[in-house]
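This report concerns only the one structure given below.
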2 protein chains.
Amino acid sequence: MSPPRPRGGAGGPDGPPGKRAREGDGRVDMKQVADLAGVAMSSVSRVLSGHPDVSDDMRQRVTAAAKQLGYEGPNMLAAMLRTGATRTIGFVIGDISNPLMAEIALGAEVTLREAGYTMMLVNSLGEAQRDASQIQLLQQRRVDGLLLSVTDETSEDTASALARAGIPAVLIDRDLPALPAASAVLSDHAAGITAAMEHLIGLGHRRIALIAGAPHVRPTRERIAAAEAAAEANPGVLCQVRPGAYTQKHGADTTLELLASGRAPTAIIAGGNQILVGVLSALRHRQRRIPRDVSLVTCDEVPLAEFLSPPLATIRRDPREMGATAARLLLSRLAGAAPQASILPTWFATADSCAEPRSPLNDTTPSRSSA
Amino acid sequence: MSPPRPRGGAGGPDGPPGKRAREGDGRVDMKQVADLAGVAMSSVSRVLSGHPDVSDDMRQRVTAAAKQLGYEGPNMLAAMLRTGATRTIGFVIGDISNPLMAEIALGAEVTLREAGYTMMLVNSLGEAQRDASQIQLLQQRRVDGLLLSVTDETSEDTASALARAGIPAVLIDRDLPALPAASAVLSDHAAGITAAMEHLIGLGHRRIALIAGAPHVRPTRERIAAAEAAAEANPGVLCQVRPGAYTQKHGADTTLELLASGRAPTAIIAGGNQILVGVLSALRHRQRRIPRDVSLVTCDEVPLAEFLSPPLATIRRDPREMGATAARLLLSRLAGAAPQASILPTWFATADSCAEPRSPLNDTTPSRSSA
DNA sequence: GTGAAAGCGCTAACAG
DNA sequence: CTGTTAGCGCTTTCAC
């Protein structure tokens, strides 16, 4: 904060040999350590950075001087400017308040921290525009790498921001056409959806709705593809796919619409936390009971789901591990390795929210009369 | 990354007048803009930083040159080194996977971002040691300010790390004896707890347990104080206070212990998200029904609570606003204002999880036999 | 194995 | 209003 003051006239190497006591901002710098130890700054730098070609004597003198002065280590800002490496990773996340995302961020942060990196977290709040501007921001801050869970894989802005930035990136459950060679951690959504569909079909369901999230992100696409494939593999099964948004509103509106239709589903798969809340409130509003009137499966674990009555069948994965894996992938890229993708499993855990449909061939009568 | 190469002999102002094409790392720097515009670097700096004393002509020439070269703005690393300000805020959080914390972080990040600051997020995972080391880390990274939600207000390590760092800080629902003059956002826990206690007492409860969290943080202390005060104000009411940890295990263990005692409570207040999960599983395990066998209140909203049966009475607050307020407080401190505290409300929203105790004077019989 | 020198790219006196 | 100058504190050739 304090403006740099020009020092008298002693600019050259002819400075006075005694130790200069600078009252600057109280912080000890490397030069002071060098002076006290009677060695060159470069030697101090070598010792501190663990350079191999340093004599034991040198190492000791420098260490002692540093300790004596209470030196707190190199000014990272100066080191960053000099080397261009910030040991900082930028994480562009949709919304940290989503528990799934929060777990991913936690896993990533802990892993990065262990490797000496710090994470800058920026939320894009589901706005593709913001993804791009956050990427640009992080580029300006010279982050060494990027962890990306963008809002819209097809956004031109995002693609060009990424291209301009030219920073190693790891995609988190995203598939950017513009960045075909990027590293990525991917969930095997198909496995979970397929298992859930087969379970429901096995119970006798023939009309199954998938209320999916925002269209231009990988989880939505993968889930839809898997659900449709499962339906096609089982003649007579109708899969009603409804992409839209990862919001409570989409969950609620779509559920109401489905219930009101002549072909109401006997089972619903909610494609995310928020969607689930909407589905539950719509079902309650229409007084449909689970699983008597409709069976329910949700994607991604959410804290209290096990205490709902009935407990919810859930397609699970390990988000913290996803974050840790993403971090590892990025670290290995920064260490020079080639980009690579890592696929993590999802699995279906059934529960009492899934049961046989009341009347497999004719189950349009609700539990109570409705509009 | 590329090592700096000494430039021939052209060090002084007598450099060749033509534009020098540096193939460095492809990035345009301010000097190139200055050269192309035929002005001094300092003028470019002034224009770019919006300095008032700049002629229109100058502004235009610089702007044009910058655009022509595709200049991406000042190298923030250099600016940071020079000015000492990083426009970065460090957030030491217990655990971002806690939805309450995540909301706070989101509120803070969005507000900081609007003010041109970026947030570094570090988790301390409930270990006081880590709080201290994270603070030190952030200090080394020269953050301009700190947002703190530390694990243990009494930790010596944290106190000394903070003292050494000497960085403006805003406490988030914490009260550090070591930092009496810090800014803080505080929740008025007493209001919510008092309202809940009075409601329970009004229903006829005489033995109310508060399963509180970790002992050395403000929310725990405030809640305990308010609960005890409410009990004392109502003769005949026994308040069973059980501090411990913000964990599922503490919630479960304590609930089991309370249920097994001769003086089992007729109402329980769970002091946090995680504790709630423990309480619910213990109650389920012992086959106690809510609210028939025990009434339940929880602190801090959690996504699916409204869909539990019965819906949970909850002491609420607005965590996103807390984060935003913390950010504002920090920004105003950085702008030179004196430290100040901001108190945000909490309120009690009752629900069917609270009812009259079955038999106010003798209600030790569980719904079903138990061990 | 160690030291001297040269900047990284920018900002802010200060002088004109 | 604009240019010159002097570094911020460190790392890294390069020569010895």
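Note that these values count all heavy atoms, side chains included, but never hydrogens, waters or copies made by symmetry. Every chain is numbered from 1 and lettered A, B, ... according to where its sequence line falls, protein lines coming before strand lines.
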For A:Pro177, is there any backbone N or O sitting under 3.5 Å from a side-chain donor or acceptor partner on A:Glu153? no

Nearest-Å distance, CE (A:Met30) to C1' (C:dC8)? 15 Å

Is the backbone of B:Val39 close enough, under 3.5 Å, to the side chain of B:Ser43 for a donor and an acceptor to pair up by distance? no

Give the rounded distance in Å between these two atoms: CZ of A:Arg82 and P of C:dC8. 8 Å

In whole angstrom, give the distance that lies between atom CE of A:Met80 and atom C1' of C:dG7. 19 Å

In short, the helix from C:dG1-D:dC16 to C:dG16-D:dC1 is bent end to end, axes from five pairs each side, to 10°, by 30°

Minimal heavy-atom distance between A:Leu329 and A:Ser342, with the atoms involved, is CD2-CB, 3.9 Å

Looking at D:dT12, does its base get a donor-acceptor pair with the side chain of A:Thr83 below 3.5 Å? no

Could you tell me whether the side chains of B:Arg333 and B:Gln340 share a donor-acceptor contact shorter than 3.5 Å? no

Separation of atom CG in B:Asp29 from atom P in C:dG7, rounded to whole Å: 14 Å

Contact nearer the 5' end of DNA chain D, comparing B:Ala40 with A:Leu81: B:Ala40

Expected list for residues 43-67 of chain A near DNA chain D, using heavy atoms below 4.0 Å, is A:Ser45, A:Arg46

Could you tell me the separation between the OG1 atom of A:Thr88 and the CE atom of A:Met120, rounded to the nearest 0.5 Å? 5.5 Å

Does the base of C:dA4 carry an N or O that pairs as donor and acceptor with the side chain of A:Ser42 under 3.5 Å? yes

Flag, side chain of B:Asp144 to backbone of B:Ile89, donor-acceptor distance under 3.5 Å: no

Could you tell me whether the side chains of A:Thr111 and A:Arg328 share a donor-acceptor contact shorter than 3.5 Å? no

I need the B:Ser155 OG to B:Arg130 CZ distance, nearest 0.5 Å. 14.0 Å

Measuring from the side chain of A:Met41 (C-beta onward, heavy atoms only), which nucleotide among D:dT11, D:dT4, C:dG9 has the closest atom? D:dT11

Would you name the heavy atoms of A:Leu330 and A:Gly145 that are closest together and state the gap between them? CD2-C, 4.0 Å

Any side-chain heavy-atom pair from B:Ile172 and B:Met322 closer than 4.5 angstrom? yes

Going by number, which of residues 68-77 of chain A have a non-hydrogen atom under 4.0 Å from DNA chain C? none

Tell me yes or no: between the side chains of A:Glu72 and B:Gln136, is some donor less than 3.5 Å from an acceptor? no

